[in-house]
Participant: 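Starting off with a structure, shown below.
Fair warning: this is a prediction, and the values are worked out from it, not measured in the lab. Every chain is numbered from 1, with letters handed out A, B, ... down the list of sequences.
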Protein chains: 2
Amino acid sequence: MFKLSKKADYGLIAMKHLANHRQQHACSASEIAEDYGISSMLMAKVLQKLAKQNLVVAKHGSSGGYQLAKEPAKISALEVITAIDGPVLITSCVTSHGNCDATDRCSIKEPLQRVNESILGVLGTVTIAQLSEERQEASLVELKGMDQLALSR
Amino acid sequence: MFKLSKKADYGLIAMKHLANHRQQHACSASEIAEDYGISSMLMAKVLQKLAKQNLVVAKHGSSGGYQLAKEPAKISALEVITAIDGPVLITSCVTSHGNCDATDRCSIKEPLQRVNESILGVLGTVTIAQLSEERQEASLVELKGMDQLALSR
DNA sequence: TCTATTTCAGACTATTTCAGTCGTACTCTA
DNA sequence: TAGAGTACGACTGAAATAGTCTGAAATAGA
């Protein structure tokens, strides 16, 4: 279809949680998992992937856990999603190694790549900070403005 | 992940093909399928779905086939994709019936919905006509401009 | 009216992907 | 050094997807 994987969802939730608890101690995977009613095993897995991409920092040992590696405003949703699910590719053709068996015939590839970039742009624009600020007018208006632009012509 | 299904791909390819052969006779499913090296059974299935949503018109009988129901410029990629894969929903939470079992806790839903709308906007902007015009400067520039807008801030 | 061609519809199978679990090893801190 | 935590890969079951098959109805032309 055209959906985020659940893991990516969880990743975004976790990032938001960490953003809201920046000042405090590191949050353990199970702590976050409990807050949202998700299996702690699974949340741990998601956080591991985020840690591998240096989006969060892991702190071992007792009273350990995870913390954001950067400021929430400097982490985009796109980064989180790609960290977990790999690169965002709208079609399988789009990738560089031509696994599209109709390379020359599949004439739709090139324009779709452009669409893909647009979507990357949208996802890249949204930051964790925007997700976590509860419903501050500024960001919502900004996003809304963008919608209209995209729709306008 | 975050990909179009192959069927949606095929759908777009078929629509483009039909757009390029508008003036001529109706194209049969197997004719299109052969052109792109896809199983004709599968292509038929895809076209059936498109016909059900009134994006193409089917003509039964010998020398029958499919034709576009509207002008290529009036059909968006979004229409084609939703016709085949159903509504585009970035998260499973986003749907109206709350199948997100953490409705009140999953605080990420609301901002993601906004992102979803942006993506719908992008897909709704791209028309079959734009896909089929080989590489006419105008449309490319327009799309490029949109990318930059989305990326800029 | 007969036949060939083509769409239509839905059931069916196979394959791939995804979600989630488990087990074990490693790393800190108290 | 014990307990709390991360790290990582293998594994399983379920669900979505891709693709096939069959039998029917519609149409054009001989």
Side-chain angles (χ1 to χ4, degrees), chain A residues 1-11 13-14 18 25-34 36-67 69 81 83-86 89 91-92 99-102, chain B residues 1-11 13-14 18 25-34 36-67 69 81 84-89 91-93 99-102:
Chain A
M1 270 245 233
F2 205 77
K3 225 185 321 192
L4 288 177
S5 70
K6 277 198 182 178
K7 288 183 187 175
D9 257 356
Y10 296 161
I13 290 174
L18 291 178
H25 62 94
C27 302
S28 76
S30 43
E31 180 188 332
I32 304 177
E34 261 180 45
Y36 301 94
I38 301 166
S39 140
S40 62
M41 294 278 205
L42 188 51
M43 180 54 86
K45 198 153 197 149
V46 168
L47 283 163
Q48 278 166 36
K49 284 202 174 181
L50 293 176
K52 217 168 191 175
Q53 304 297 319
N54 300 316
L55 293 175
V56 299
V57 188
K59 210 172 145 193
H60 282 228
S62 59
S63 80
Y66 293 91
Q67 279 180 315
I81 294 169
I84 295 175
D85 283 343
L89 297 170
T91 58
S92 25
N99 63 348
C100 182
D101 42 343
Chain B
M1 270 245 235
F2 206 77
K3 228 187 317 193
L4 288 177
S5 68
K6 277 196 184 180
K7 287 184 187 175
D9 257 355
Y10 296 159
I13 290 174
L18 291 178
H25 62 96
C27 301
S28 76
S30 44
E31 179 188 332
I32 303 177
E34 259 179 49
Y36 301 94
I38 302 168
S39 141
S40 62
M41 294 280 203
L42 189 50
M43 180 54 88
K45 196 137 211 166
V46 168
L47 283 163
Q48 277 167 35
K49 284 202 174 182
L50 292 176
K52 217 168 195 176
Q53 304 296 321
N54 300 315
L55 292 175
V56 300
V57 189
K59 211 173 147 195
H60 282 230
S62 59
S63 79
Y66 294 92
Q67 280 181 314
I81 294 169
I84 295 176
D85 282 343
V88 171
L89 297 171
T91 58
S92 23
C93 305
N99 63 347
C100 182
D101 42 344

Participant: Rounded at 0.5 Å granularity, tell me how far OG in A:Ser63 sits from NE2 in A:His60.
Facilitator: 13.0 Å

Participant: What is the nucleic acid contact for B:Ala29, judged by heavy atoms within less than 4.0 Å: base, sugar-phosphate only, or nothing?
Facilitator: sugar-phosphate

Participant: Which sits closer to the 5' end of DNA chain D, A:Phe2 or A:Lys45, going by the nucleotide each is nearest to?
Facilitator: A:Lys45

Participant: Under a criterion of less than 4.0 angstrom to any heavy atom of chain B, what are the 5'-terminal and 3'-terminal contacting nucleotides of DNA chain D?
Facilitator: D:dA18 to D:dA28

Participant: Indicate the atoms forming the closest heavy-atom contact of B:Ile32 with B:Ala14, along with that distance.
Facilitator: CG2-CA, 4.3 Å

Participant: Does anyone know the first and last nucleotide of DNA chain C in reach of chain A, 5' to 3', at under 4.0 angstrom to a heavy atom?
Facilitator: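 Listing 5' to 3', DNA chain C meets chain A from C:dA19 to C:dT29.
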
Participant: Show the atom names and distances, to 0.1 Å, of all donor-acceptor pairs under 3.5 Å that link a side chain in residues 37-53 of chain A to residues at least two apart or in another chain.
Facilitator:
from, atom 1, to, atom 2, distance (Å)
A:Ser39, OG, A:Met41, N, 3.3
A:Ser39, OG, A:Leu42, N, 3.2
A:Lys49, NZ, A:Ile84, O, 3.4

Participant: Working to the nearest 0.5 Å, report the span between CZ of B:Phe2 and CG of A:Asp85.
Facilitator: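 Those atoms lie 9.5 Å apart.
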
Participant: With the threshold set at under 4.0 Å for non-hydrogen atoms, list the residues of residues 47-67 of chain B touching DNA chain D in residue-number order.
Facilitator: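 Only B:His60, B:Gly61, B:Ser62 qualify.
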
Participant: Which is more 5' along DNA chain C, the nucleotide nearest A:Met41 or the one nearest A:Lys7? Just name the residue.
Facilitator: A:Lys7

Participant: The helix from C:dT1-D:dA30 to C:dA30-D:dT1: angle between its terminal axes, five pairs each, to 10°?
Facilitator: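 Rounded value for the end-axis angle: 20°.
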
Participant: Can you tell me how far CG of B:Leu18 sits from CD of B:Gln67, rounded to the nearest 0.5 angstrom?
Facilitator: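 B:Gln67 atom CD to B:Leu18 atom CG measures 8.0 Å (nearest 0.5 Å).
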
Participant: Let me confirm one number: the SG-NZ distance from B:Cys27 to B:Lys59, rounded to the nearest 0.5 Å.
Facilitator: 11.5 Å

Participant: For B:Ser30, what residues pass the side-chain hydrogen bond (donor to acceptor under 3.5 Å, both in side chains) criterion, not counting sequence neighbours?
Facilitator: B:Ser28

